[in-house]
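What follows is a single structure, written as structure tokens, with notes after it.
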Amino acid sequence: MSTPLVEAVETIEAPDIPDRPRRGWRSPSFVVGAALLLAILALALVSLVWSPYGLDHTDPTARLAGPSGQHWAGTDRLGRDQFTQLMLGARTAVWIGLASVAVAFAIGVPLGLLAAAAGRFVENAVVGVIDIVIAFPTLLLAMLLVTVYGASTGVAISAIGIGVSAEVARLTRISASRVFTEDYVLAARTCGTGPLMILARHVLPNIWHTLLVQATLAFGIAVIAEASLSYLGLGTPPPAPSWGRMLQEAQSTVSVAPWNVLLPGLAVAVTVVGVNLLGDGLREILDPQLRQQRQAADR
Amino acid sequence: MLSYLIRRVAWLIGSLFVAGSAVFFLLRVLPGDPAVTLLAVGSSPDQIDAIRHQLGTDRPVLAQYGHWLGDLVTGNLGDSLFTQMPVLDQIAGRLPVTVPLALSAFVLSIVVAVPIGVFAAVRRRGLLGVAVSTLAQLGIALPIFWIGIVVVWLVAVQWRALPPGGFPRTGWQDPAAAVQSLVLPVATLTIAQGSVLVRYVRSATLDVLSQEYVRTARSLGYSLPRALWRHGPRNGAATVVQILGILLASSLLGTVVIESVFALPGLGSLLLTSVKARDLPIVQGTVFLMTATVLVVGLVVDIVQRLVDPRLGART
């Protein structure tokens with residue numbers, strides 16, 4: 001039953017899709033960033049099944065001990081093994097980081113898409129809200145929530161998630177609006193494609209790589225925010241370990257046991273440098289235009 | 001320009017209103033009775049009622065809301081639950097620590113970071129340039145309190161050069177002691193903020209470097225520094241002003257953590273102790289004031305941007 005037109009269309013060959021991701025894996029930032037992050041992730045995952053000591057294990061005979069075969073990273077003033085704390089802290093950081101990013105995207109992406117797809121009035125309203133939330137710092141939001149609900153993991157996740165969501169919404173709106181001005185969206189509209197279908201078919205495929213890069217960066221922001229909250233005593237409450245609280249405890253004994261300060265700070269830095277490099281690498285891989293620009297700039 | 005100004009100020013007032021409302025509703029309307037959370041478990045209903053009355057939560061929410069907004073307009077932020085002192089007085093008492101801390105870190109990071117950032121951009125393939133960029137990356141990735149602890153350990157514990165924390169009880173009556181106790185906090189905040197600024201300045205300079213007018217200037221015989229000096233500031237100004245605004249706001253917020261590291265009696269530590277003590281009026285007032293400052297800085301940034309780069313106004 002095929003008409004000549006359909007036959008003609010069917011005989012058109014699919015265009016050659018260049019295998020662009022494969023070239024990109026050579027990006028050094030991507031490789032190094034992924035390696036750093038995998039190391040942290042491995043710490044967190046291994047801690048689920050094994051850690052040198054239990055969470056509650058204290059060794060009163062070895063308080064503030066230096067690094068040794070028994071305690072790889074030394075002990076704190078209660079005699080708790082610091083390497084165990086570091087591993088379990090990685091679990092807290094990764095979990096709160098991932099959950100906050102999930103919250104941020106669950107709020108930010110729909111909001112940004114709504115602003116881009118809806119009329120001018122809605123867009124202005126959403127942009128206004130986004131601007132205010134961006135001006136409203138995450139740390140202050142967390143402090144407000146802690147005042148009402150007390151410090152808990154849930155409060156930390158919501159505060160960080162809401163704080164980061166504004167930036168996600170802003171970026172989603174800007175990238176989506178750009179797609180909405182493209183001719184192929186106009187064409188799709190002319191053909192009677194509904195707004196939801198346009199979002200799914202044209203907008204999301206064109207902005208997901210920007211959002212993915214944003215997600216990696218947001219993860220880094222969330223990890224630092226979590227550490228800061230715990231350091232201030234507003235994050236995950238004890239006994240759940242956290243890098244921030246390890247640092248806060250290590251600060252009081254810094255004159256006798258300075259080594260206790262080193263590892264938790266390094267862990268945060270490795271995570272953040274890792275996600276930043278990974279984000280850079282992903283951007284290079286996913287955005288061929290940028291890659292060409294950079295190569296041109298280096299020439 | 002005038003109509004723009006009016007629109008922008010109206011927008012600021014609107015934002016302040018929304019921010020004030022948000023602070024209010026976050027603290028009052030979400031589930032959970034502040035009076036109950038404030039008191040120890042097992043307090044008598046009379047005690048709870050007394051606190052409710054003091055907080056004003058025994059009145060309808062809308063009446064409380066109107067009261068809070070009215071107080072805001074008249075500059076009254078209420079009284080502390082525990083000390084009974086006006087919130088505004090308590091905040092004012094903390095400013096002599098926080099304002100010098102935030103402002104000097106802000107100025108210092110500009111003085112230090114702008115030349116370094118330009119250098120890192122011009123020498124981006126040299127060893128020193130790469131080293132500078134890497135250090136800045138690290139400075140961004142390390143939590144600010146970690147930098148603070150290391151600075152304390154190095155300067156105050158190892159070298160015993162400066163006090164590890166605290167602020168003289170007499171405040172600025174002994175200027176030397178006050179300045180001494182602010183050196184390390186300012187240095188820490190400068191390292192953290194400066195790292196961020198180095199990165200911004202570096203990429204802004206790279207952007208200018210790749211422009212055609214720099215190439216033209218070079219071909220006319222200008223040396224690279226002269227070409228940059230001639231074209232860089234004017235073309236980069238709008239971006240730089242925006243970054244400075246972000247920097248000023250984050251210097252102010254950075255004090256919350258820094259004051260905790262160095263045990264300084266500033267606005268940030270007032271906020272932190274009030275959060276832990278659940279002193280709602282102080283938390284509410286301090287958060288609102290800090291947010292308002294950030295919003296006002298944003299307004300000033302927008303206006304200055306228009307002044308230095310008229311192209312921005314022409315586009316809309």
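Atom set for the values below is all heavy atoms of this structure, side chains included, hydrogens, waters and symmetry mates excluded. Here is how names work: the chains are called A, B, and so on, in the same order as the sequence lines, proteins then strands, and each is numbered from 1.
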Q) A/Leu232 versus chain B, heavy atoms under 4.5 Å apart: side chain, backbone, both or neither? A) both
Q | A/Leu262, part contacting chain B, at a heavy-atom distance under 4.5 Å | A | both
Q | Crowding at CH2, B/Trp11 (>12 non-hydrogen neighbours, <6.0 Å) | A | yes
Q.
Measuring only between side-chain heavy atoms, which start at C-beta, is A/Val272 closer than 4.5 Å to B/Leu142?
A. no
Q: Select, from B/Val297, B/Thr291, B/Val256, the one with the greatest count of heavy-atom pairs under 4.5 Å involving chain A.
A: B/Thr291
Q: Identify the two heavy atoms, one from B/Ile140 and one from A/Ile224, that lie closest to each other, and give their separation to 0.1 Å.
A: O-CD1, 3.9 Å
Q: Using a cut-off of 6.0 Å, state whether more than 12 heavy atoms not belonging to B/Arg123 lie near its atom CZ.
A: no
Q) Among A/Val268, A/Val223, A/Leu247, who wins on heavy-atom pairs under 4.5 Å with chain B? A) A/Leu247
Q.
Sort by residue number and list every residue of residues 143-154 of chain B having at least one heavy atom under 4.5 Å from chain A.
A. B/Pro143, B/Phe145, B/Trp146, B/Ile149, B/Val150, B/Trp153
Q | Under the salt bridge (charged side-chain N to carboxylate O under 4.0 Å, His left out) test, residues paired with A/Arg178 that sit two or more places apart | A | none
Q | Within-4.5 Å side-chain heavy-atom neighbours: B/Thr286 and A/Met143 | A | no
Q) Any side-chain heavy atom of B/Lys276 sitting closer than 4.5 Å to one from A/Val146? A) no
Q: List the steps and the verdict of side-chain contact (heavy atoms from CB on, under 4.5 Å) for A/Leu140 and B/Leu271.
A: CA-CA 9 Å; A/Leu140 293 189; B/Leu271 178 59; 3.5 Å; yes
Q: State which residues pass side-chain contact (heavy atoms from CB on, under 4.5 Å) with B/Ala249; sequence neighbours excluded, sorted by chain then number.
A: B/Val294
**Q.** Interface moiety of B/Val261 toward chain A, non-hydrogen atoms closer than 4.5 Å
**A.** both
Q: Could you go through the side-chain contact (heavy atoms from CB on, under 4.5 Å) check for B/Val287 and A/Leu141 one step at a time?
A: CA-CA 8 Å; B/Val287 167; A/Leu141 181 67; over 6 Å; no
Q.
Rounded at 0.5 Å granularity, tell me how far CG in A/Leu139 sits from CE in B/Met290.
A. 8.5 Å
Q | Sequence-distant partners of B/Tyr200, ring pair (Phe, Tyr, Trp, His ring centres under 6.0 Å), two or more places apart | A | none
Q: Let me know which of B/Val23, B/Val275, B/Leu280 forms a side chain to side chain contact (heavy atoms under 4.5 Å, CB included) with A/Leu144.
A: B/Val23
